[in-house]
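Since the model is a prediction, treat every value here as computed from it, not as a measurement.
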Amino acid sequence: ITFNIIFLLSGVTVLGVGIWVKVDKNVVNMQNLVQFDTGDKSLETASWILIGFGSFVLLISALGFFAACTQKKFFIALYIVFLAIIFIGEFAGGITAAVFKGKIDDELPKILTDSFKKYKPGNDLLAKAWDYMQVWLKCCGSTGPKDY
């Protein structure tokens with residue numbers, strides 16, 4: 001049961017991070033900047049995956065508590081199978097994050113620079129996103145004041 005409590009807490013954490021990425025204004029504005037130029041919805045997709053995975057972990061944790069209380073072999077076996085599936089999913093997610101980290105590090109500065117070239121003060125989504133990002137980061141442009 002101790003393992004399952006830790007498992008439950010990890011599910012709550014993953015679900016919480018997914019919801020945070022979905023609602024945090026800073027992250028949403030960063031996604032708007034990237035999505036405006038490239039149409040890339042990776043961050044939004046990642047948040048939905050985290051929400052789904054966290055919810056799945058919570059359900060499996062509930063199954064684990066049920067299996068421990070009833071001590072029926074079928075439910076214990078089902079719980080073990082789902083634990084294996086979750087382990088494989090976490091492993092695949094870690095590999096995917098490692099593979100795409102380099103791509104993000106390489107491409108994000110260029111995407112932001114290209115996006116900033118289209119910046120014009122006003123009410124459109126791009127201007128609002130850039131204005132917010134500049135206030136949040138306490139700086140200007142995509143690389144600094146020289147962008148102006």
Nearest non-hydrogen partners of Ser47 and Gly18, listed with the distance: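 Scanning both residues, the minimum pair turns out to be CB-O, 3.6 Å.
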Under 4.5 Å between side-chain heavy atoms, counting indirect links through other Ile/Leu/Val/Met/Phe/Trp/Tyr residues: same cluster for [X] and [Y] or not?
X     : Y     : answer
Phe75 : Leu59 : no
Trp20 : Ile49 : no
Leu63 : Phe74 : yes

So, do [X] and [Y] sit near enough that their side-chain heavy atoms are less than 4.5 Å apart?
X     : Y     : answer
Lys22 : Trp48 : yes
Val14 : Val57 : no
Leu15 : Leu50 : no

Quick check for you: to the nearest 0.5 Å, what is the distance between [X] atom [atom1] and [Y] atom [atom2]?
X     : Y     : atom1 : atom2 : answer
Tyr79 : Ser61 : OH    : OG    : 6.0 Å
Asn4  : Ser10 : CG    : OG    : 9.5 Å
Leu78 : Leu83 : CG    : CG    : 10.0 Å
Phe53 : Leu58 : CZ    : CG    : 11.0 Å

Can the ring centroids of Phe82 and Phe56 be said to lie less than 6.0 angstrom from one another?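 Distance test on ring centres: under 6.0 Å, yes.
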Joining Ile, Leu, Val, Met, Phe, Trp and Tyr whenever any side-chain heavy atoms lie under 4.5 Å apart, the cluster holding Ile76 also takes in Ile80
